[in-house]
Trainee: 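Can you keep this structure in mind? I'll have questions shortly.
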Amino acid sequence: MKNIVLIGFMGTGKTTVGRLLANRLGRPFFDSDKKIEYENNLSIREIFEVYGELYFRQQEKMIIAKLSRYNNAVIATGGGVVLSFENMNNLKRNGVIITLTASVETILERTSRRNTRPLLDDFDQREKIVNKLLKERAELYYNADYSINTSSKSLQQVINEIMFFLRQGGYLRGKR
Ligand SMILES: Nc1ncnc2c1ncn2[C@@H]1O[C@H](COP(=O)(O)OP(=O)(O)OP(=O)(O)O)[C@@H](O)[C@H]1O
Ligand SMILES: O=C(O)C1=C[C@@H](O)[C@@H](O)[C@H](O)C1
Ligand SMILES: [Mg+2]
């Protein structure tokens, strides 16, 4: 069975929704950011600080290539996974791609809860940075089989909407 792959901007809920969805479906869950942290024995923040973003993107490519070879998994990706065609080609080969979106306001609120995202470190400029990155990436996030706006939706509502799409699309082969 195909992997279910969540893409989308920081704070749209990929990690949280992915874990819950995997539980619901009884499938294994992988988060590419978490995998990179584990394999490097460093946090994303430390990787950016010590080795820089380019190194992080290389690590991300390697991990995405590995995860794409799995079957039947739920995969939450990092917000910048769409920046590489190679990543998206790998993920699409054996995956159904779902984009999570959210309003700028929602993104700012959700990403301020924990300061784990080095690209949003400059607190005074966060709104500007989010708007800039969203503009640069908006089109790339359309590169999906389905898209859900998660603003003002509960986690349960998001999961239910994904489940509906997966059933309709025949991606669950009759499983609940
Ligand atoms: N639908 C939702 N309603 C309320 N809170 C949510 C919702 N989705 C996610 N959250 C919360 O928003 C925060 C960010 O979510 P999460 O870390 O899953 O985002 P992400 O897309 O994985 O971000 P990143 O790209 O940085 O990894 C978490 O505190 C999570 O609990
Ligand atoms: O949007 C991005 O470029 C990022 C999102 C996070 O998931 C992490 O992958 C990292 O902080 C970079
Ligand atoms: Mg995440």
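All ligand and atom numbering here is 1-based and tracks the order in the structure.
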Trainee: Any side-chain heavy atom of L100 sitting closer than 4.5 Å to one from V17?
Mentor: yes

Trainee: Can F9 be said to touch ligand 2, with heavy atoms closer than 4.0 Å?
Mentor: no

Trainee: Do K92 side-chain atoms and A144 backbone N/O form a donor-acceptor pair below 3.5 Å?
Mentor: no

Trainee: List the steps and the verdict of side chain to side chain contact (heavy atoms under 4.5 Å, CB included) for I107 and L134.
Mentor: CA-CA 11 Å; I107 287 168; L134 273 174; 4.1 Å; yes

Trainee: Output yes when a side-chain donor or acceptor of E37 lies under 3.5 Å from a complementary backbone atom of S43, and no otherwise.
Mentor: no

Trainee: Is there a donor-acceptor contact under 3.5 Å from the side chain of Q157 to the main chain of S154?
Mentor: yes

Trainee: Show me which atoms of ligand 2 lie under 4.0 Å from any heavy atom of P118.
Mentor: 11 (O)

Trainee: Is there any N or O on G11 that sits under 3.5 Å from an N or O of ligand 1?
Mentor: yes

Trainee: For the side chain of N3 and the backbone of Y70, is there at least one donor-acceptor N/O pair under 3.5 Å apart?
Mentor: yes

Trainee: Is any N or O atom of T77, backbone or side chain, closer than 3.5 Å to an N or O atom of ligand 2?
Mentor: no

Trainee: Counting only N and O atoms by type, is there a donor-acceptor contact under 3.5 Å from the side chain of S32 to the main-chain atoms of G78?
Mentor: yes

Trainee: Is there a side-chain contact between T101 and I148 (heavy atoms, below 4.5 Å)?
Mentor: no

Trainee: Could you pull out, from R19, K34, R117, the option with a heavy atom nearest to atom 14 (C) of ligand 1?
Mentor: R117

Trainee: Select the closest option to atom 9 (C) of ligand 1 among G13, S151, G8, judged by heavy-atom distance.
Mentor: G13

Trainee: Can you sort out which atoms of ligand 2 are near F56, meaning under 4.0 Å from one of its heavy atoms?
Mentor: 9 (O)

Trainee: Looking at the rings of F56 and Y51, which for Trp means the six-membered one, are their centres under 6.0 Å apart?
Mentor: no

Trainee: Closer than 4.0 Å to some heavy atom of L119 - which atoms of ligand 2 meet that?
Mentor: 2 (C), 3 (O)

Trainee: Do D33 and ligand 2 have an N or O pair less than 3.5 Å apart?
Mentor: yes

Trainee: For atom 6 (C) of ligand 1, which candidate among Q156, R110, K153 holds the nearest heavy atom?
Mentor: R110

Trainee: Could you tell me whether Y55 and F48 have their ring centroids closer than 6.0 angstrom?
Mentor: no

Trainee: Identify, by atom number and element, the atoms of ligand 1 in contact range of F9, meaning under 4.0 Å from any of its heavy atoms.
Mentor: 21 (O)

Trainee: Distance to 0.1 Å, residue and atom name: give those for the protein heavy atom nearest to atom 5 (C) of ligand 2.
Mentor: G79 N, 3.2 Å

Trainee: Less than 4.0 Å is my threshold; does some heavy atom of K34 fall inside it relative to ligand 2?
Mentor: no

Trainee: Within less than 2.8 Å of the Mg ion (ligand 3), any N, O or S from T15?
Mentor: yes

Trainee: What protein heavy atom is closest to atom 8 (N) of ligand 1, reported as residue, atom name and distance in Å?
Mentor: L155 CD2, 3.4 Å

Trainee: Can you report which non-hydrogen protein atom sits closest to atom 10 (C) of ligand 2, along with the distance?
Mentor: I44 CG2, 4.0 Å

Trainee: Tell me whether the count of non-hydrogen atoms from other residues, nucleotides or ligands lying under 6.0 Å of CD in E139 goes above 12.
Mentor: no

Trainee: Tell me which protein heavy atom sits closest to atom 27 (O) of ligand 1, plus the residue, atom name and distance to 0.1 Å.
Mentor: D33 OD2, 3.5 Å

Trainee: Quick test: of every protein heavy atom, which one is nearest to atom 15 (O) of ligand 1, and how far off is it to 0.1 Å?
Mentor: T16 OG1, 3.6 Å

Trainee: Mind checking whether G78 has an N or O less than 3.5 Å away from an N or O of ligand 2?
Mentor: no

Trainee: With backbone taken as N, CA, C and O and side chain as the heavy atoms from C-beta onward, which portion of T111 lies under 4.0 Å from ligand 1: side chain, backbone, both, or neither?
Mentor: neither

Trainee: Counting heavy atoms only, name the option from E53, M10, R57 that's nearest to atom 3 (O) of ligand 2.
Mentor: R57

Trainee: Given side chains that start at C-beta, do those of R126 and S112 come closer than 4.5 Å, heavy atoms only?
Mentor: yes

Trainee: Count the heavy atoms of every other residue, nucleotide or ligand shown that sit under 6.0 Å from CD of E127, and state whether that count exceeds 12.
Mentor: no

Trainee: Are side-chain heavy atoms of L25 and I4 found at a separation under 4.5 Å?
Mentor: yes

Trainee: Does R137 approach ligand 2 within less than 4.0 angstrom via side chain, backbone, both or neither, non-hydrogen atoms only?
Mentor: side chain

Trainee: Only heavy atoms count here, so choose which of R113, K14, E109, Q157 is nearest to atom 5 (N) of ligand 1.
Mentor: R113

